[in-house]
2 protein chains.
Amino acid sequence: MATLDQKITRKERERQEREEKILELARTMLREVGYLGLSMDRIAAEMEYSKGTIYQHFCNKEEIILALANEALEKRLEMFEAAATWSGAETSRDRMAAIGAAAEEFVERYPQHFSVEQIVRSSSIWEKTSEERRQFMQVCEGRCMAIVSGVVREALAQGDLELPAGRSVEDLVFGLWSLNFGAYTIITSSEALEEIGIADPIAALRQSQNFMLDGYRWRPLSSEHDFNETFDQVKREVFGNG
Amino acid sequence: MATLDQKITRKERERQEREEKILELARTMLREVGYLGLSMDRIAAEMEYSKGTIYQHFCNKEEIILALANEALEKRLEMFEAAATWSGAETSRDRMAAIGAAAEEFVERYPQHFSVEQIVRSSSIWEKTSEERRQFMQVCEGRCMAIVSGVVREALAQGDLELPAGRSVEDLVFGLWSLNFGAYTIITSSEALEEIGIADPIAALRQSQNFMLDGYRWRPLSSEHDFNETFDQVKREVFGNG
DNA sequence: TCAAAAAGTGACGACTTGTCAATAATGGAG
DNA sequence: CTCCATTATTGACAAGTCGTCACTTTTTGA
């Protein structure tokens, strides 16, 4: 019985290892030749397995892409969690800034992860993928939202922030989310940003974010505290980025 | 000589008409079956021309996509211009709000145009397309920026706004751009926005925008003036949207 | 040892995009 | 009106996709 169990797990382990290898290959392929260049034939050839075997792991190309996107979301969730529980935060707005720093770090450290997210959002991959994986994605997205919402709620509870009539916590989070997602998308896809006068888009993003929260009157305001310093501190202390 | 000229122009006119028809077909195709479903074969079949002829107009699929994207940019530029010269603006911030309304109207009225823009930004179409068309795109983008920047500069000149140290006009514009682009991307690609607590994303976007500009201390602040009313007014008066 | 079950294979059909020799239409010149 | 050069149009073709499934090989447990 023990040997049987062991053999099952060995098989299972091999399967998982192979799956990981497929994803690894797909990741680098995606980075080097883009979504359209990603080919099942080539994956099979480089894996030295037949196509049929690859299709036993992922029933189509889109499933692979979505699996990569899910990895990305998981990674970011992890980073957001680390930022939200940062011990160096003195105020609720510090904590919010920490999450901003996490978002920044995520894109810088895993640009290909971010680009997968973009692909999933623009190409109509959805229809072809399994319900299961789609759901996983929504769960991740929801949990990410929940972390940020949690910080906002903390601010409300502590009296650092009051929402205007008719606005929900999620509306604020949506604003931040949009700003960040849009900024990174433009940054990674516009070649000549400098030419049209945007020398340091990351700094511009930080500023916009700060001013948006200032607009919400989330205290301390950016005029009362240097959140740029907080950003850099988080990137050093939490993510070990000197 | 007259007849010769006429014949040349007749030929040329026919060519252009056909080109327009190709783009029209591609547009609807893109809307109905997405980027991946857009097929040169099908375009040729539906045009009742051979593939070779289609390829004489656009030397690859990506050129068609980019041509559509350029149409979109032109359209938006037009709408931005209309908004920026709106006669009903009482303050510089009114004028800025008018542009926000134009952006909103653009996405609502031409959703497929917006989706083309997203496709161009995420898929790596760039490499395959002609320098000419790429340049056109950048010019449009630059002119769009220039319109918005113009309004910001007007505000600076009139003393309605002062920029913080180290920030340029373009940084502010970049913030607005990111916020809008990000928000519309998320809106059009996230199915279950309501489920995660974002009931009215457009309202949330307006709010975020207003608060961001409040953060910049662009007077009158949103607490001193109802810009929601301005948005709706512009959509009625400039774009005839009741 | 051996048969049944599981795993792996790759030729295949149906689709792409983009090319290019061959064919058809056109437009002056005589 | 004829005729030929130029230009426009064609569609078979090469080379590449994706996903399938009858087949072969390996594994497994009795």
Side-chain angles (χ1 to χ4, degrees), chain A residues 1-19 21-22 25-26 29-30 32-67 119 123-130, chain B residues 1-19 21-22 25-26 29-30 32-67 119 123-130:
Chain A
M1 212 48 189
T3 57
L4 187 129
D5 272 358
Q6 222 171 357
K7 280 189 177 171
I8 286 173
T9 55
R10 200 210 73 214
K11 282 229 129 191
E12 191 49 35
R13 204 183 55 235
E14 276 176 7
R15 235 193 91 85
Q16 285 189 349
E17 271 167 19
R18 193 166 51 190
E19 193 154 314
K21 212 173 154 196
I22 292 172
L25 218 54
M29 227 170 215
L30 209 63
E32 274 160 24
V33 290
Y35 170 46
L36 300 136
L38 183 68
S39 141
M40 296 301 260
D41 277 4
R42 245 199 309 271
I43 287 176
E46 285 209 43
M47 287 283 292
E48 289 177 281
Y49 274 105
S50 78
K51 231 178 347 165
T53 303
I54 308 294
Y55 272 94
Q56 233 154 22
H57 287 266
F58 299 97
C59 68
N60 55 46
K61 204 172 134 172
E62 285 71 26
E63 281 282 290
I64 295 186
I65 308 269
L66 202 54
I119 288 164
S123 315
S124 48
I125 293 183
W126 298 99
E127 288 115 42
K128 283 184 161 186
T129 52
S130 70
Chain B
M1 209 50 183
T3 57
L4 187 128
D5 271 359
Q6 223 171 359
K7 282 187 177 176
I8 284 172
T9 54
R10 198 209 72 210
K11 283 227 131 191
E12 192 48 38
R13 205 182 54 234
E14 275 175 7
R15 236 192 91 85
Q16 284 189 349
E17 270 168 18
R18 194 166 49 189
E19 194 153 314
K21 213 172 154 197
I22 292 172
L25 218 56
M29 228 171 214
L30 208 64
E32 275 161 22
V33 290
Y35 170 45
L36 301 136
L38 182 68
S39 142
M40 297 301 258
D41 277 354
R42 239 190 321 262
I43 287 176
E46 285 210 41
M47 287 281 292
E48 288 176 281
Y49 273 104
S50 79
K51 231 178 348 165
T53 303
I54 308 296
Y55 272 93
Q56 232 152 23
H57 287 267
F58 301 97
C59 68
N60 55 45
K61 203 173 134 171
E62 284 70 26
E63 280 283 291
I64 296 186
I65 307 268
L66 203 54
I119 288 163
S123 314
S124 47
I125 292 183
W126 297 99
E127 289 114 41
K128 284 185 161 184
T129 52
S130 70

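Worth saying up front: this structure is predicted, and the values here are computed from it rather than measured.
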Query raised in the report: Would you call A:Glu17-A:Lys21 a salt bridge at under 4.0 Å N-O?
Result: no

**Report entry** Reading 5' to 3' through nucleotides 22-27 of chain D, protein heavy-atom contacts under 4.0 Å coded B for base, S for sugar-phosphate only, - for none
**Finding:** ------

[X] [atom1] to [N] [atom2]: how many Å, rounded?
X       : N      : atom1 : atom2 : value
A:His57 : C:dT9  : NE2   : C1'   : 14 Å
B:Ile64 : C:dT16 : CD1   : P     : 14 Å
A:Gln56 : C:dT9  : CD    : C1'   : 11 Å
A:Ile43 : D:dC18 : CD1   : P     : 8 Å
A:Glu14 : C:dA6  : CD    : P     : 17 Å
A:Ile54 : C:dT9  : CD1   : P     : 9 Å
B:Leu38 : C:dC15 : CG    : C1'   : 15 Å

Kindly write out the residues that satisfy side chain to side chain contact (heavy atoms under 4.5 Å, CB included) with [X], not counting sequence neighbours, or none if the list is empty.
X       : value
B:Tyr55 : B:Met40, B:Lys51
A:Gln16 : A:Glu12
B:Ser50 : B:Thr53

Strictly below 4.0 Å: does [X] bring a side-chain N or O up to OP1 or OP2 of [N]?
X       : N      : value
A:Ser39 : D:dG16 : no
B:Arg15 : D:dT9  : no
A:Ser50 : C:dG10 : no
B:Arg42 : C:dT16 : yes

Let me check something: any side-chain donor-acceptor pairs from residues 32-39 of chain B under 3.5 Å, sequence neighbours excluded? List them with distances.
from    : atom 1 : to      : atom 2 : distance (Å)
B:Tyr35 : OH     : B:Glu62 : OE2    : 3.4
B:Ser39 : OG     : B:Asp41 : N      : 3.2
B:Ser39 : OG     : B:Arg42 : N      : 3.0

Requested in this report: Flag the pair B:Leu30 / B:Ile65 as yes when at least one side-chain heavy-atom distance between them is below 4.5 Å, and no otherwise.
Outcome: yes

Query - Contacts of A:Glu48 that satisfy side chain to side chain donor-acceptor pair (under 3.5 Å) - sequence neighbours left out - result: none

**Report entry** Any residue meeting side chain to side chain donor-acceptor pair (under 3.5 Å) with B:Glu46, in chain and number order, not counting sequence neighbours
**Finding:** none

**Report entry** Touch class at under 4.0 angstrom, heavy-atom based, for A:Leu36 against every strand present
**Finding:** nothing

Sub-3.5 Å pairs of nitrogen or oxygen atoms, protein against nucleotides 18-22 of chain C:
from   : atom 1 : to      : atom 2 : distance (Å)
C:dG18 : OP2    : B:Tyr55 : OH     : 2.9
C:dG18 : OP2    : B:Lys61 : N      : 3.2
C:dG18 : N7     : B:Lys51 : NZ     : 3.1
C:dG18 : O6     : B:Lys51 : NZ     : 2.3

Query - Partners meeting salt bridge (charged side-chain N to carboxylate O under 4.0 Å, His left out) with B:Arg18 (sequence neighbours left out) - result: none

